[in-house]
There are 2 protein chains.
Amino acid sequence: MDAKTLCLGVLLRGEASGYEIKKAFEEGPFSHFHQTSFGSIYPALNALSAEGLITGRAQAQDKRPDKKLYSITPKGRSALISALKIEPAPDVMRSDFLFILSFAQFLPPRRVGHLIDQRIAWYREALERMESCACTNTVPAGAAFVRGMGIAVYRAAADYLEAHRAELIAEISESATLVAE
Amino acid sequence: MDAKTLCLGVLLRGEASGYEIKKAFEEGPFSHFHQTSFGSIYPALNALSAEGLITGRAQAQDKRPDKKLYSITPKGRSALISALKIEPAPDVMRSDFLFILSFAQFLPPRRVGHLIDQRIAWYREALERMESCACTNTVPAGAAFVRGMGIAVYRAAADYLEAHRAELIAEISESATLVAE
DNA sequence: GGTTGCATGTAAATGGTTACATGATTGT
DNA sequence: ACAATCATGTAACCATTTACATGCAACC
């Protein structure tokens, strides 16, 4: 799934600027299953525009730089729906956090505790963001389903970390493999 | 976290060949939080060998091609432990599956059902693999913790999909946005 | 005075995946 | 027969990230 398709997906939900699209992947409804950067979004939007899959209009703002609002065209709509028909590639998950933690016995217990606390806080913050949006019955069924799954998975992750933190710290503290802080 | 560090991590658990390292990321203890390909593993192993962080020995096998078994050196050990001290980069998650599902109302309900069923089966299979390994008290504390977290998260995902599948299908079936199969 | 948020964009660098090359054996 | 598993490796290709470029407003 390339940056172009991802942008089309965001634009199907309504008009948006490149900056707003990035936010959708950073803290918005797509944040828990996809990431992107400006370096991929802006070129993608230009390409989509050239292909006639989206149209842009300039929007002046006071005390803010102008923005370019893009909308999906009928042609863009059908291109997206075609793209949704492909078999999804396997999920990609990359977690330095879990890689590091899997060698917890070689790390100072204090650092392990700190890493876990940080991550719990991160999950709780993300959960608040995802749950707070009082849009439960305004968002389309698919988006609500995906959002619910994100919440379920993040909650399980945070709960697990909280429930097993002490046990891990205890185990690595009593082991002889201790490394100097 | 680059391919070299990842390989060092696997080798800290014991001697292994490039092929076996890949399996660790494909179906082994690292599979739920990292992926790699041969194209990144073999060059990484050669580089690590040249730097003196690992040593290799050839192992002849009957009715199988020879393999090169690599072991981590003391220098490699300390290089890995240093690498574990860096702040972990944010987790990367990329799911075409969730992206597609978030537009479920534009897809034939049958296809949505099939996608979800496939994914449930995938999770259940992965869970069986992760749980079956009767190594609970043989693996080091860190690895057990990370494995437990993988199980908790995958179980939450599979349970969510099972619990909400029917609801989603019902919602998109009654909507007027139906698209021809 | 420094940082953060808003806003768009480009170019180089990075790194990894994909595909290729090779080949024996085992299972369907 | 064909696909899959074991086993190692290289090289082109690709896409994305990172860093740079620019600038104003608001907040601390």
Side-chain angles (χ1 to χ4, degrees), chain A residues 1-8 10-11 15-28 30 33-50 54 56-70 83 86-87 89-96 99, chain B residues 1-7 10-11 15-28 30 33-50 54 56-70 83 86-87 89-94 96 99:
Chain A
M1 215 113 289
D2 55 20
K4 277 159 63 179
T5 311
L6 259 19
C7 288
L8 280 179
V10 179
L11 292 175
E15 210 177 32
S17 66
Y19 194 85
E20 286 160 356
I21 290 172
K22 182 157 182 247
K23 279 212 300 189
F25 288 105
E26 218 167 56
E27 42 189 42
F30 295 87
F33 62 90
H34 257 289
Q35 289 82 40
T36 28
S37 56
F38 289 131
S40 66
I41 290 171
Y42 288 121
L45 288 172
N46 288 328
L48 288 168
S49 211
I54 61 174
R57 66 182 184 90
Q59 167 88 81
Q61 297 180 114
D62 64 286
K63 307 200 174 176
R64 286 264 163 268
D66 289 6
K67 58 174 159 180
K68 278 192 201 166
L69 287 173
Y70 292 96
I86 59 144
E87 279 311 294
D91 284 3
V92 173
M93 171 68 179
R94 217 164 268 202
S95 176
D96 285 2
F99 180 78
Chain B
M1 213 112 294
D2 55 20
K4 275 159 64 179
T5 311
L6 259 20
C7 288
V10 179
L11 293 176
E15 211 178 31
S17 66
Y19 194 85
E20 285 160 358
I21 290 172
K22 191 175 175 229
K23 280 211 302 189
F25 287 105
E26 219 168 55
E27 43 189 41
F30 296 86
F33 63 90
H34 257 289
Q35 289 82 40
T36 28
S37 57
F38 288 131
S40 66
I41 290 172
Y42 288 119
L45 289 173
N46 288 329
L48 289 168
S49 210
I54 60 174
R57 66 180 183 92
Q59 168 88 83
Q61 296 181 113
D62 64 286
K63 307 199 175 176
R64 285 266 162 265
D66 289 6
K67 59 174 158 179
K68 277 192 202 166
L69 286 173
Y70 292 96
I86 60 145
E87 279 313 292
D91 285 3
V92 172
M93 172 69 180
R94 216 162 269 204
D96 285 2
F99 180 78

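The chains referred to below are lettered A, B, ... by the order of the sequence lines, with proteins before strands, and numbering in each begins at 1. Fair warning: this is a prediction, and the values are worked out from it, not measured in the lab.
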Run M1(A) and L6(A) through side-chain contact (heavy atoms from CB on, under 4.5 Å) and show every step you take.
CA-CA 7 Å; M1(A) 215 113 289; L6(A) 259 19; 3.9 Å; yes
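Note: I54(A) CD1 to L8(A) CG = 7.0 Å, rounded to the nearest 0.5 Å.
Residue pairs meeting the salt bridge (Lys or Arg N to Asp or Glu O under 4.0 Å) criterion with at least one partner in residues 60-70 of chain A, sequence neighbours excluded, are E20(A)-K67(A).
For A47(A), the side-chain contact (heavy atoms from CB on, under 4.5 Å) partners are K4(A), E51(A), not counting sequence neighbours. Residues that satisfy the ring pair (Phe, Tyr, Trp, His ring centres under 6.0 Å) test with F38(B), not counting sequence neighbours, are Y19(B), Y42(B).
Ring-plane geometry between F30(A) and F25(A) is classed as tilted, the angle between the planes lying from 30 to 60 degrees on a 0 to 90 degree scale.
A 4.5 Å side-chain heavy-atom check between T36(B) and I21(B) finds every atom pair outside the cut-off. The shortest side-chain heavy-atom distance between Y70(A) and S49(A) falls under the 4.5 Å cut-off.
In summary, contact between chain A and DNA chain D, defined as any nucleotide atom under 4.0 Å from a heavy atom of the protein, begins and ends at dT16(D) to dA26(D) in the 5' to 3' direction.
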What string of B, S and - do you get for nucleotides 3-8 of chain C, 5' to 3', when a contact is any protein heavy atom under 4.0 Å?
--BBBB
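If you take CZ of R94(B) and C1' of dT17(C), they are 12 Å apart, rounded to a whole angstrom. At whole-Å resolution of the value, NZ in K4(B) and C1' in dG15(C) are 12 Å apart.
Between A89(A) and D96(B) the shortest heavy-atom distance is N-OD2, 3.5 Å.
In this structure, S40(B) reaches the dT17(C) phosphate: one of its side-chain N or O atoms is under 4.0 Å from OP1 or OP2.
Judged by distance alone, with hydrogens and angles left aside, the side-chain atoms of Q35(B) form no donor-acceptor pair with the main-chain N or O of E26(B) at under 3.5 Å.
Across its full length, the helix from dG1(C)-dC28(D) to dT28(C)-dA1(D) shows an angle of 50° between the axes of its 5 terminal pairs at either end, rounded to 10 degrees.
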